[in-house]
Amino acid sequence: MSLFDQLQPQPGDPIFALADQCRRDSRKDKIDLTIGIYHSDDGRIPVLASVREAEDSLTAQHQPTPYLPIAGLPAYRSAAQALVFGPDSAPVREHRVATVQTLGGSGALWLGARLLHSVRPDSGVWISDPAYPNHAGLFSDAGTATHSYPYYDVTQQQLTFDALMGCVRNLPTASIVLLHGCCHNPSGADLTPAQWRELLALIGQRGLIPFIDLAYQGFGQGLEEDAFAVRALAASGHPFLVAQSFSKNLSLYGERCGALSVVCSSAEEATRVEAQLVALIRRSYSNPPSHGARIIAHVLGNPTLRSQWIGEVEHMRQHMLRMRQTARAHLAAAAPSYDASYLEKQHGMFSLARLTQQQIHALRDVHGVYVLDNGRLCIPGLNSRNVEHFARAMAAVTQLA
């Protein structure tokens, strides 16, 4: 009998599988709207000028690459804190934030899930419906029971804020509530500042544990605006966690650069939390890689490069906004009865289209337009050369019953 006879087949990741299917498609006019990667109007993943200059500067120094501290590069951790909490955050100033470098945003969620399960093993986590598919897996793998709260009604193309509040109002004390800080994945629908204030106040009153996933800072309303929920929570004095990713806003996908920050009630507690995180890291991947972290620390720590980077993030955000506007305009011309207003109401990399499975399969099979099974569209997969084809394909499939 083989050692691995008892292993069951695994279905694989559906998003990456669909992206592979698109790559194998030989049609020249195919459009890949699957994986959440930003492409410029030329259809390529950009190398940001600020990142290239920082990398060139670091390479010219010919520095050795020793192991980083288990918690990560100190300059990187400080830069990550400053970006998400702002320049004059009370928790940061009072040393109440434990921040560690992680293997991307998913690594930050993974680490936070394990930390929470170690201190609140009976707490379940509530995840938005619809959700980023890896959220449930990361928490269930940590041993945490997963549940959902209503967030977006794709049929009505609107947030279900009242239903969300009703669910949160009745959660058990110490439940974990996982929230998208901006650019909700997959819907692209975000709470307004007023809704955030109302929700966060209720979370504090109910004694719940907020965990914010901030993977797309700068792609929604802007770098400062997209940190609203984090900064509102920091000002409230309520303990919480926030996961960051630099894959998108620095276009460093393969470097797997993220951060987990845990806001605590005191500096002494933050020291103990950081020690626990370090222990969890040491028992898993030991310490993080250095190349991407050094680039990011250099970009964010150099005033000239930081200013250049802020402009580059804004350029990416504006490009996605233009693609939304252009796609809606083409759809209005090609299918006047189809309401595509959601494209401009939603934010960031994703939109959730109201499509049946028949329509989704027709998009792929007939027109070579690859979207996820739930109708999620990756907006930066559109560009000035393919957006009209996308609109014509959408117009054609919306005629299907």
Side-chain angles (χ1 to χ4, degrees), residues 13-15 18-19 31-36 126-137 146-168 177-192 195-196 199 213 215-216 219-220 320-321 323-325 327-332 334-365 367 369-382 387 390-391 393-401:
D13 184 272
I15 300 177
L18 187 60
I31 303 176
D32 186 354
L33 305 180
T34 59
I35 296 177
W126 268 258
I127 298 167
S128 70
D129 178 18
Y132 167 56
N134 211 25
H135 275 163
T146 62
H147 313 274
S148 63
Y149 58 82
Y151 185 82
Y152 189 77
D153 184 339
V154 67
T155 303
Q156 300 296 322
Q157 292 289 1
Q158 63 184 13
L159 275 165
T160 54
F161 184 69
D162 290 343
L164 161 60
M165 292 292 287
C167 177
V168 171
V177 184
L178 187 60
L179 302 158
H180 295 247
C182 68
C183 306
H184 180 267
N185 182 359
S187 75
D190 290 339
L191 301 178
T192 66
Q195 288 172 328
W196 271 119
L199 174 60
D213 184 1
Y216 312 103
F219 279 11
M320 288 184 283
L321 181 57
M323 286 302 100
R324 289 178 177 278
Q325 294 166 341
R328 182 185 180 185
H330 282 302
L331 265 167
S337 61
Y338 179 75
D339 182 7
S341 60
Y342 64 88
L343 286 167
E344 291 188 73
K345 293 176 183 176
Q346 298 165 358
H347 305 102
M349 297 186 75
F350 305 116
S351 277
L352 196 59
R354 185 174 64 244
L355 295 167
T356 67
Q357 287 301 297
Q358 181 188 15
Q359 291 167 337
I360 288 168
H361 285 286
L363 277 174
R364 299 174 194 162
D365 300 339
H367 303 281
V369 176
Y370 285 79
V371 305
L372 300 192
D373 284 343
N374 62 358
R376 192 190 81 174
L377 317 172
C378 183
I379 296 298
L382 299 175
V387 66
F390 163 77
M394 286 284 287
V397 302
T398 56
Q399 305 304 311
L400 299 174

Glu344 (side chain) donor-acceptor with Gln325 (main chain) under 3.5 angstrom: no

Non-neighbouring partners of Tyr216 that pass side chain to side chain donor-acceptor pair (under 3.5 Å), sequence neighbours left out: Asn185

Backbone of Gly348 reached by a side-chain donor or acceptor of Arg324 within 3.5 Å: yes

Pairwise side-chain contact, Leu179 with Leu199, heavy-atom cut-off 4.5 Å (strictly under): yes

Centroid-centroid under 6.0 Å between His180 and His347 rings: no

Set of side chain to side chain donor-acceptor pair (under 3.5 Å) partners for His330, sequence neighbours left out: none

Heavy-atom closest pair, residues Met323 and Ile379: CB-CG2, 4.1 Å

Validation row: Met349, Pro380 side chains within 4.5 angstrom (heavy atoms): yes

Gap between atom CG of Leu33 and atom CG of Leu372 - 0.5 Å precision: 9.0 Å

Test item: Arg364 side-chain N/O and Tyr370 main-chain N/O as donor-acceptor pair under 3.5 Å: no

Minimum-distance pair of heavy atoms, taken over all atoms of Asp213 and His135: OD2-NE2, 2.8 Å

Pairs flagged by salt bridge (charged side-chain N to carboxylate O under 4.0 Å, His left out) wherever residues 151-168 is involved - sequence neighbours left out: none

Heavy-atom closest pair, residues Pro150 and Thr160: C-OG1, 3.3 Å

Flag side-chain contact, heavy atom, 4.5 Å: Pro186 against Asn374: yes

Sequence-distant partners of His361, ring-ring contact (aromatic ring centres under 6.0 Å, His included), two or more places apart: none

Expected list for residues 127-134: side-chain donor-acceptor pairs under 3.5 angstrom, two or more places apart:
{"residue": "Ser128", "atom": "OG", "partner": "Pro130", "partner atom": "O", "Å": "2.7"}
{"residue": "Ser128", "atom": "OG", "partner": "His184", "partner atom": "NE2", "Å": "3.0"}

Separation between SG of Cys167 and NE2 of His147, rounded to the nearest 0.5 Å: 10.0 Å

Sequence-distant partners of Gln158, side chain to side chain donor-acceptor pair (under 3.5 Å), two or more places apart: none

Test log, rule side-chain contact (heavy atoms from CB on, under 4.5 Å), inputs Gln346 and Gln157: CA-CA 10 Å; Gln346 298 165 358; Gln157 292 289 1; 3.6 Å; yes

